[in-house]
> 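Below is the structure I would like to discuss, written out as structure tokens.
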Amino acid sequence: MLIKLIEVHNSFANPSIRELYVNTSNIVSITEEVHTSIIEEARSLGFSDLTKFSSIIIQEGNRTRTVTVAHSPQEIYKKIDPSKTLLKG
């Protein structure tokens with residue numbers, strides 16, 4: 001299944017955003033993004049201070065790629081499996 005995410009992409013010190021479609025079976029891990037430089041770049045693109053960011057590791061054949069997206073890990077999980085909810089506690 002493909003899910004659509006918003007990627008914060010930094011190409012040659014020029015931050016931009018773009019749509020990213022990811023095959024959910026290729027996602028290795030999702031973690032909350034804590035690097036302030038990436039978050040500051042995203043804020044300069046117009047994202048709210050309330051926006052959460054995540055790093056996703058994607059398996060691409062015999063290598064992996066890490067991308068930063070403008071979604072929390074919980075939002076991504078809900079996109080992957082909307083029938084389940086995360087328990088808080």
> Under the 3.5 angstrom rule, does the side chain of E33 hit a backbone N or O of H35 as a donor-acceptor pair?
yes
> Testing the basics here: between S55 and T66, what is the closest heavy-atom pair and its distance to 0.1 Å?
CB-CG2, 4.2 Å
> Roughly how far apart are I58 CD1 and S25 OG, rounded to 0.5 Å?
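That separation rounds to 11.0 Å.
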> May I ask you to test the V69-V22 pair for a side-chain heavy-atom distance under 4.5 Å?
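V69 does not reach V22 side chain to side chain.
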> Measure across A70 and F47 and return the closest heavy-atom pair with its distance rounded to 0.1 Å.
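Closest approach of A70 to F47, heavy atoms only: CB-CE2, 3.5 Å.
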> Would you call E60-R63 a salt bridge at under 4.0 Å N-O?
yes
> Is any side-chain heavy atom of E19 closer than 4.5 Å to a side-chain heavy atom of I6?
yes
> Check the pair V67, L5 against side-chain contact (heavy atoms from CB on, under 4.5 Å), reporting the backbone distance first and the verdict last.
CA-CA 10 Å; V67 295; L5 303 170; over 6 Å; no
> Is the backbone N or O of I80 less than 3.5 Å from a side-chain atom of T24, with the two atoms forming a donor-acceptor pair by type?
no
> Between the main-chain N or O of I76 and the side-chain N or O of Q74, is there a donor-acceptor pair closer than 3.5 Å?
no
> Using modelled atom types and a 3.5 Å cut-off, is there a donor and acceptor pairing between side-chain atoms of K79 and backbone atoms of K4?
yes
> Within this structure, what is the CD-CD1 distance for the pair Q59 and I27, rounded to the nearest 0.5 Å?
12.0 Å
> In Å, rounded to the nearest 0.5 Å, how long is the span from CG of L2 to CG of L20?
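Rounded to the nearest 0.5 Å, the CG-CG separation comes to 10.0 Å.
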> To the nearest 0.5 Å, what is the distance between NE2 (H9) and CD1 (I17)?
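Output value for this atom pair is 12.5 Å.
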> CD1/I30 to CD/E75 distance, rounded to the nearest 0.5 angstrom?
11.0 Å
> Report whether V28 and M1 are members of the same hydrophobic cluster (ILVMFWY, side-chain heavy atoms less than 4.5 Å apart, transitive linking).
no
> Using atom types as modelled and distance alone, determine if a side-chain donor or acceptor of H71 lies under 3.5 Å from a backbone N or O of S54.
no
> Would you compute the distance between atom CZ of F53 and atom CZ of R43 and round it to the nearest 0.5 angstrom?
4.5 Å
